[in-house]
Amino acid sequence: EAATGRDPRDRLRRAVRPAGAGRPALTRYRVLERFPRPAPMTLVEATLALAGAAREAGAARFIYISSIKALTGAFDGQFRENDPPTPDDAYGRSKLAAGQGLAALDLEWISLRPVRVYGPGVKANMAALLKLARLPMPLPLGGLDAPRSLLAIENLVDAILFALTSACPARRSYTLA
């Protein structure tokens, strides 16, 4: 789809519209700005508040887009799903805590933990790397020895769409790589 100029996220928008009782809903944290609070919400509070609001609205399932950082920071070697989580920064620890908080809710939830995502609209370091890759000269990357997993946005969209179905077991986390 990226080659056709179409945004693969449009598939998500079509799949979840219109949302209603018993139907999935796609939203972002900014929806929480409607709720007055004396201090900014943490990622954990925002996730659990959004999940609670989804439950109250009758959402059939809550899909939490977490991060691989909930499981690990920088490491040498190979990471396995049954390895204990060892997030190495506040972001990773908050993603892990938010996912763990979902388990206490009376709600069907799924936590997706993607590795770095690439595709149309990426920003920051990934955008710079893609720009470098388009240069008509070889890049001096032979000395780098830290392999990384990447996930195409189209594959993330497919995983989200699958997570919205009853075929995907709920109340668990999935690593996407």
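Ile110 is not listed as a side-chain neighbour of Tyr64, based on a closest heavy-atom distance of 4.5 Å or more. You'll find the side chain of Ile68 stays beyond 4.5 Å of the side chain of Leu176, heavy atoms only. Side chains of Leu50 and Leu48 form no contact here, defined as non-hydrogen atoms less than 4.5 Å apart. By the 4.5 Å heavy-atom criterion applied to side chains, Leu71 and Thr175 are counted as neighbours. For the pair Pro87/Lys69, no side-chain contact is recorded, criterion being any heavy-atom separation below 4.5 Å from C-beta on. Taking 4.5 Å as the limit, some side-chain heavy atom of Leu132 sits within range of a side-chain heavy atom of Leu135. Contact check for Cys168 versus Arg61: side-chain heavy atoms found under the 4.5 Å cut-off.
Pro169 is linked by a side-chain contact (heavy atoms from CB on, under 4.5 Å) to Arg172, Tyr174, counting only residues two or more places apart in sequence or in another chain. Contacts of Asp83 classified as side-chain hydrogen bond (donor to acceptor under 3.5 Å, both in side chains), with partners at least two apart in sequence or in another chain: none. Partners of Ala90 under the side-chain contact (heavy atoms from CB on, under 4.5 Å) rule, at least two apart in sequence or in another chain, are Arg93.
Rounding to the nearest 0.5 Å places CD of Gln100 at 9.0 Å from OG of Ser173. In this structure, CZ in Arg113 is found 15.0 Å from CG in Leu151, a value given to the nearest 0.5 Å. With values rounded to the nearest 0.5 angstrom, Ser111 atom OG is found 12.5 Å from Arg171 atom CZ. Distance OH/Tyr118 to CG/Asn155: 7.0 Å, rounded to 0.5 Å. Interatomic distance, CG of Leu150 versus CG of Leu129, reported as 8.0 Å (0.5 Å rounding).
Between Val117 and Ala152, the shortest heavy-atom distance links the atoms CG1-C, 4.4 Å. In terms of heavy-atom proximity, Ile153 sits nearest to Pro120 at CG2-CD, 3.7 Å. Between Ser94 and Leu43, the shortest heavy-atom contact is OG-CD2, 3.1 Å. Taking both residues in full, the closest heavy atoms of Pro85 and Ala70 are given as CB-O, 3.8 Å, listed atom of the first, atom of the second, then distance. When all heavy atoms are compared, the tightest approach of Leu105 to Ala51 is CD1-CB, 3.6 Å. Between Val122 and Ala127, the shortest heavy-atom distance links the atoms O-CB, 3.6 Å.
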*Give the C-alpha distance, both sets of side-chain angles, the deciding distance and a yes or no for side chain to side chain contact (heavy atoms under 4.5 Å, CB included) between Ile65 and Ile63.*
CA-CA 6 Å; Ile65 309 300; Ile63 310 301; 4.0 Å; yes
*asked:* Quick one, Asp106 with Arg55, criterion salt bridge (charged side-chain N to carboxylate O under 4.0 Å, His left out). Give me CA distance, side-chain angles, the key distance, then yes/no.
replied: CA-CA 8 Å; Asp106 181 27; Arg55 182 188 62 232; 5.9 Å; no
*asked:* What verdict does the side chain to side chain contact (heavy atoms under 4.5 Å, CB included) test give for Asp88 and Thr72, after you've listed the backbone C-alpha separation in whole Å, the side-chain angles of each residue and the deciding distance to 0.1 Å?
replied: CA-CA 7 Å; Asp88 68 351; Thr72 186; over 6 Å; no
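Side-chain N or O atoms of Trp109 include none that pairs as donor or acceptor with a backbone N or O of Phe62 at under 3.5 Å.
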